[in-house]
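Data first, discussion second: the structure below is written as structure tokens.
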2 protein chains.
Amino acid sequence: MTDAPASHSWRSVREEVLRRIAHEDWRPGDAIPNEADLAAELGCARATVNRALRSLSDDGLLERRRKGGTRIARHPVGKATVRIPIIRMEIEERGALYGYRLLDRRMERAPDALRPRFGPPGEGDLLHVIAVHLADGRPYALENRWIVPETVPDALDQSFEDLAANEWLVRHLPLTRAQSEFFAINATDRETAALGAAAGEALIVHRRMTWLAERPITLVEMTFAKGHTLRT
Amino acid sequence: MTDAPASHSWRSVREEVLRRIAHEDWRPGDAIPNEADLAAELGCARATVNRALRSLSDDGLLERRRKGGTRIARHPVGKATVRIPIIRMEIEERGALYGYRLLDRRMERAPDALRPRFGPPGEGDLLHVIAVHLADGRPYALENRWIVPETVPDALDQSFEDLAANEWLVRHLPLTRAQSEFFAINATDRETAALGAAAGEALIVHRRMTWLAERPITLVEMTFAKGHTLRT
DNA sequence: TCGAATAATATGTACATACATATTAAGTCA
DNA sequence: TGACTTAATATGTATGTACATATTATTCGA
């Protein structure tokens with residue numbers, strides 16, 4: 001006998017489905033009842049079941065196909081959302097004192113390896129800003145950023161001496177798309193100087209590019225000091 | 001005059017809002033009209049607008065509060081979803097020949113640094129599996145995994161000599177929660193031996209833990225060969 | 001028997017309505 | 001003035017109905 005849960009909310013339906021997955025009533029690859037049947041069983045409207053199953057599908061736990069029905073994902077989740085905070089806020093949330101130092105600011109073309117990513121606007125000079133973020137006076141992250149003046153003309157008026165480009169951009173411009181990459185590098189002269197890293201030390205880099213509509217805004221490489229861990 | 005878009009779909013509403021953000025009609029921090037007004041303006045039902053705005057809110061582009069209304073996010077969440085594929089499929093998708101070699105398999109306690117993550121089940125012996133994944137015969141990633149027998153008793157019957165633990169787990173067990181970490185290490189003896197890396201070379205590590213309900217399933221560290229980039 | 005047309009089916013979406021809930025604003029009384 | 005109560009408001013959700021769409025299953029003709 002299946003007794004309906006007290007609540008008819010889509011969240012309770014979601015929990016019930018999760019419970020059955022956790023209880024291994026339903027296993028990877030298994031088809032589950034259709035929305036109408038589930039709604040009848042749980043005593044709620046189909047739209048409510050739809051909302052719950054769609055939520056689980058978005059989370060990668062279910063796979064749904066029209067006419068094919070819904071089944072437990074065979075290749076689960078496969079998703080990890082990494083937060084990309086403003087560095088200042090990240091540091092202050094740790095209770096540390098935030099510091100910022102501009103190292104360089106100039107107009108120049110993007111390096112060959114990155115230029116194609118900017119498309120046509122990348123053929124001209126970009127605003128190249130290098131700065132270091134400090135936590136309690138100690139190097140925390142090295143920011144190496146290219147800004148596309150075509151998309152962000154106001155940026156040319158900014159010195160970025162006191163306010164990180166990071167933060168200025170966020171406050172002035174919306175964005176509609178972002179893409180990230182993560183990789184590891186051995187510290188070179190630049191990192192040893194700016195981050196106080198030992199030569200050759202392994203550092204993690206977060207490279208991120210953002211767009212406003214189809215126009216590229218900025219590409220930034222954040223290189224973190226030794227031992228930094230990015231968490232989901 | 002605001003002309004309604006031909007389509008009344010929530011996607012078209014989403015696109016219209018994105019268009020206004022891209023066009024900078026609405027800028028970070030700005031409040032936008034409430035759902036009822038937008039629905040009237042665009043000629044659709046409030047539920048449709050709600051669906052569209054909720055979608056954008058999930059993507060971190062909008063911030064919504066009851067009674068407070070909806071505004072353009074000031075700190076675009078910058079969610080980056082990292083895919084966590086089955087290594088074999090990832091390699092084969094690149095058109096390379098997949099290979100796999102089990103290096104070690106034994107029952108032992110988790111190291112002190114990781115043990116607390118498993119909670120009570122971590123106090124006993126865990127199944128510790130080390131293996132290397134190959135692409136066209138060259139080392140691709142080193143898999144260092146602890147499996148919780150309490151949650152996955154069937155794993156004890158598996159030799160993991162031919163089938164990666166990675167894949168076996170995915171095929172046999174659902175999961176309800178996952179958490180990831182990314183960091184960089186300098187290659188030590190273990191990595192030089194298993195991955196053919198030079199000593200001290202910077203390598204990126206993806207550490208992932210999964211749960212079934214509240215029970216820990218497994219914790220795995222995937223260390224990738226030199227130059228690997230994780231993409232969103 | 002094979003292929004194309006057609007029916008059947010499960011999910012996807014739109015809408016109107018109603019009510020729930022969080023949060024802010026307004027009002028009231030000491 | 002200030003604490004507290006009450007109203008107003010925008011989003012959040014549940015429901016029934018209707019139809020759209022993708023995909024599978026079936027039927028039928030050559």
Side-chain angles (χ1 to χ4, degrees), chain A residues 2-18 20-21 25-26 28-75, chain B residues 2-18 20-21 25-26 28-77:
Chain A
T2 54
D3 51 344
S7 164
H8 288 178
S9 73
W10 70 270
R11 287 175 194 281
S12 73
V13 173
R14 189 183 198 277
E15 285 312 306
E16 175 60 17
V17 172
L18 273 177
R20 294 186 188 188
I21 293 175
D25 296 334
W26 295 335
D30 285 358
I32 74 174
N34 68 38
E35 294 184 349
D37 289 351
L38 262 181
E41 183 192 341
L42 300 175
C44 62
R46 182 168 82 89
T48 306
V49 172
N50 179 277
R51 174 83 190 265
L53 297 189
R54 190 153 41 78
S55 154
L56 288 165
S57 174
D58 288 345
D59 289 348
L61 266 71
L62 297 180
E63 287 169 358
R64 323 191 71 206
R65 301 178 63 187
R66 287 181 185 179
K67 163 83 184 179
T70 303
R71 49 188 63 231
I72 311 299
R74 215 177 271 277
H75 303 309
Chain B
T2 54
D3 50 344
S7 165
H8 288 180
S9 73
W10 70 269
R11 287 176 193 281
S12 73
V13 173
R14 188 184 199 277
E15 285 313 305
E16 174 61 17
V17 172
L18 271 177
R20 295 187 187 186
I21 293 175
D25 296 334
W26 295 335
D30 285 358
I32 75 176
N34 68 38
E35 295 183 349
D37 290 351
L38 262 181
E41 183 192 340
L42 300 176
C44 62
R46 182 168 82 88
T48 306
V49 172
N50 179 276
R51 173 84 189 263
L53 297 188
R54 189 154 42 78
S55 154
L56 288 164
S57 174
D58 289 345
D59 289 349
L61 267 70
L62 297 179
E63 287 169 359
R64 324 191 69 208
R65 302 179 61 188
R66 287 181 184 178
K67 162 83 185 181
T70 302
R71 48 189 64 230
I72 311 298
R74 212 177 274 275
H75 303 310
V77 178

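Note on naming: letters A, B, ... go to the chains in the order of the sequence lines (proteins, then strands), and numbering restarts at 1 for each one.
Residues meeting the side-chain hydrogen bond (donor to acceptor under 3.5 Å, both in side chains) test with A:Thr48, sequence neighbours left out: none. Shown here are the salt bridge (Lys or Arg N to Asp or Glu O under 4.0 Å) partners of B:Arg46, two or more places apart in sequence or in another chain: B:Glu35.
Between B:Arg64 and D:dG12, a side-chain N or O to OP1/OP2 separation shorter than 4.0 Å is present. Applying the 4.0 Å criterion to OP1 and OP2 of D:dA10, one finds that B:Thr70 has every side-chain N and O outside that range. OP1 and OP2 of C:dT13 both lie 4.0 Å or more from every side-chain N or O belonging to B:Thr48. In terms of phosphate contacts, A:Arg11 brings a side-chain nitrogen or oxygen within less than 4.0 Å of OP1 or OP2 of D:dT13.
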Protein and nucleotides 4-9 of chain C: nitrogen or oxygen contacts under 3.5 angstrom:
residue: C:dT9; atom: O4'; partner: A:Lys67; partner atom: NZ; Å: 3.2

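Atom pair B:Asn50:CG and C:dT17:P shows a separation of 17 Å (rounding to whole Å applied). Rounding to whole angstrom units, CD of residue B:Glu63 and C1' of D:dG12 are separated by 17 Å. Rounded to whole angstrom, the span from the CD atom of A:Glu35 across to the P atom of D:dC19 amounts to 19 Å. Atom CZ of B:Arg51 is separated from atom P of C:dC15 by 13 Å (rounded to the nearest Å). We find that CG of A:Leu53 is positioned 8 Å from P of C:dT11, with the value rounded to whole Å. The NE2 atom of A:His8 sits 15 Å away from the C1' atom of C:dA20 (whole-angstrom rounding). Atom-to-atom, CZ of B:Arg46 to C1' of D:dT11 comes out at 6 Å; the value is rounded to the nearest Å. In this structure, B:Arg54 atom CZ and C:dT13 atom P are separated by 11 Å, rounded to whole Å.
In this structure, the separation between CG on A:Leu56 and OG1 on A:Thr70 is 10.0 Å, given to the nearest 0.5 Å.
Residue B:Gly69 is classed as a sugar-phosphate contact, given heavy-atom separations below 4.0 Å to backbone atoms only. Across all strands, B:Arg65 comes closer than 4.0 Å only to sugar-phosphate atoms, never to a base (heavy-atom distances).
When atom types are taken as modelled, the side chain of B:Asn34 and the backbone of B:Ala36 share a donor-acceptor pair closer than 3.5 angstrom. No donor-acceptor distance shorter than 3.5 angstrom exists from the side chain of B:Ser57 to the backbone of B:Arg64, with no hydrogens or angles considered. With B:Arg71 contributing its side chain and B:Glu63 its backbone, the two residues share no donor-acceptor pair below 3.5 Å.
Between C:dC15, D:dT15, D:dG12, one nucleotide has an atom nearer to the side chain of B:Ala45 than all others, and that is C:dC15.
Between A:Glu15 and A:Arg11 there is no salt bridge, since no side-chain nitrogen of the basic residue lies less than 4.0 Å from a carboxylate oxygen of the acidic one.
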